[in-house]
Amino acid sequence: MTLNQKEIEQIHHMFSQALTKVTTLEALEVIRITYLGRKGKITELMNQLKQLPVEQKRLLGPVLQELRQSLTTKIEAKKSELELKQKTNGSFFDVTAYDPAHKNGSLHVYSLINQQLEDIFISMGFEVVSGPELETDYYNFESLNIPADHPARDLQDTFWLNLPGKLLRTHTSTVQAHCMEEKKLPLAIFAPGRVFRNEATDATHDFMFPQGEVMLIDKKISIANLLATAKAFLQEFFGQKDLKIRTRPGYFPFVEPGIEIDGSCPFCKKGCSVCKYTTWIELLGAGLVHPNVLRCSGINPEKYSGFAIGFGIARLAMLKYGINDIRLFHSDKLSFLEQF
Ligand code: DAH
């Protein structure tokens with residue numbers, strides 16, 4: 001039979017049929033040699049092509065080339081398929097498989113609370129910033145008017161590290177000096193982040209928890225600005241437009257005067273277990289930035305003044321969602337996590 005289009009098609013057809021039956025790499029190799037080997041069918045056809053008159057050659061040459069290309073591609077594809085099967089032992093991970101017990105993920109309660117807090121402070125014109133968790137003595141203490149021999153250093157149980165002068169920050173007030181150094185005045189920042197305390201854990205204490213630090217510095221900032229900001233923040237956070245605040249004196253070395261801010265209990269009018277039947281809940285530490293703190297970062301306290309507010313984000317979340325154990329936040333209890 002002289003070489004013609006029909007024969008080429010037939011060979012292609014035979015090849016395809018043989019290929020579908022192949023289940024091993026060895027059988028595939030046999031087919032490859034049969035068709036594409038040096039003495040294979042394609043070579044044979046090529047030899048026949050050489051005998052043909054020029055016109056036929058022109059016609060069938062490209063058809064043969066195409067056939068050779070097509071067989072090569074199909075053999076390569078089959079080879080990959082068989083190799084993969086060998087590797088995975090024939091079992092594939094089916095990403096479309098339906099799992100009746102499938103559960104949707106949800107945001108962690110910390111993420112939710114952080115988003116709410118960020119929205120509130122951004123809406124009041126504050127910039128959300130962050131600072132390092134691995135800190136130096138300077139930013140954690142010195143720059144905050146807590147010198148080496150100051151008794152206030154005992155207030156915080158610090159995780160000191162085996163790196164000279166390095167510690168895990170014990171509060172987010174560390175961000176104050178970083179921002180005063182880096183940013184231009186006026187300054188309005190909200191810095192949420194993790195802090196670390198070397199202390200025993202119980203339902204209300206953890207060795208790691210999130211805090212938020214708020215700082216505003218400008219000309220003529222007074223305690224009135226501080227109280228208005230604190231009140232607006234708490235009213236928005238607890239969703240209660242009539243939430244009231246009251247202040248008590250508090251001591252924090254980096255503010256003067258220092259105050260503690262209580263909010264009227266968002267959960268009752270006459271006293272409940274959350275407010276311990278007092279109708280007030282302790283919520284924030286705050287004060288006017290101490291002149292030494294401003295001076296330390298090169299800000300003239302004669303010209304500028306400011307306020308700072310600090311609070312435990314976990315504590316606010318516990319109050320808002322009625323969570324009774326701080327350790328639940330970073331537990332792996334699905335029954336807790338699924339509620340948010
Ligand atoms: N840094 C304090 C703490 O960890 C919280 C705090 C109190 C921050 C008063 C402030 C403040 O900015 O004015 O307990």
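Values below: all heavy atoms of this structure, side chains included; hydrogens, waters and symmetry mates excluded. Just so you know, ligand 1 is whichever comes first in the structure, and atom 1 is the first atom listed for that ligand. Remember, predicted model here, so these are calculated numbers, not experimental data.
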Which of the atoms of ligand 1 are close to [X], meaning less than 4.0 Å from one of its heavy atoms?
X: Val255; answer: 13 (O)
X: Glu213; answer: 8 (C), 10 (C), 12 (O)
X: Ile309; answer: 10 (C), 12 (O)
X: Gln211; answer: 3 (C), 4 (O)
X: Ala286; answer: 9 (C), 11 (C), 13 (O)
X: Gly287; answer: 13 (O)

Cationic N near anionic O, under 4.0 Å, [X] to [Y]:
X: Asp157; Y: Arg197; answer: no
X: Lys241; Y: Glu236; answer: yes
X: Arg32; Y: Glu29; answer: yes

Spacing of CG belonging to Leu107 relative to CD belonging to Gln115, to within rounding of 0.5 Å: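 Going from the CG atom of Leu107 to the CD atom of Gln115 covers 5.5 Å.
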For residues 312-328, which side-chain donor-acceptor pairs fall under 3.5 Å, sequence neighbours excluded?
residue	atom	partner	partner atom	Å
Arg315	NE	Glu282	O	3.3
Arg315	NH2	Glu282	O	2.3
Lys320	NZ	Gln116	OE1	2.9
Lys320	NZ	Phe237	O	2.7
Tyr321	OH	Gln116	NE2	3.3
Asp325	OD1	Arg327	N	2.9
Asp325	OD1	Arg327	NE	3.0
Asp325	OD2	Arg327	NH2	3.0

Parallel, tilted or perpendicular: rings of His12 and Phe15 (30°, 60°):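 The arrangement is tilted - the two ring planes meet at 30° to 60°.
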Could you establish whether Arg197 and ligand 1 come within less than 4.0 Å of each other, counting only heavy atoms on the residue side?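 Contact check Arg197 vs ligand 1: positive.
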Decide whether the shortest distance between a heavy atom of Met215 and an atom of ligand 1 is less than 4.0 Å.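 Judged by the 4.0 Å heavy-atom criterion, Met215 does not count as contacting ligand 1.
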Is it the side chain (CB and beyond), the backbone, both or neither of [X] that lies under 4.0 Å from ligand 1, heavy atoms counted?
X: Thr172; value: neither
X: Glu256; value: neither
X: Phe254; value: side chain
X: Ser173; value: side chain

Out of Gly258, Gly312, Gly310, whose heavy atom sits nearest atom 6 (C) of ligand 1?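 The residue whose heavy atom sits nearest atom 6 (C) of ligand 1 is Gly310.
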Verdict with reasoning, His150 to Glu142, per side-chain hydrogen bond (donor to acceptor under 3.5 Å, both in side chains): CA-CA 10 Å; His150 198 289; Glu142 207 80 34; over 6 Å; no
Is a donor from one side chain sitting under 3.5 angstrom from an acceptor on the other, for Glu181 and Tyr139?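 A pair is found: one side chain offers a donor N or O, the other an acceptor, under 3.5 Å apart.
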So which heavy atom on Tyr304 is nearest to which on Asp218, and how close?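 Minimum heavy-atom contact is CD2-C, 3.5 Å.
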Any N/O of Ala308 closer than 3.5 Å to an N/O of ligand 1?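 Among all N and O atoms of Ala308, at least one is under 3.5 Å from an N or O of ligand 1.
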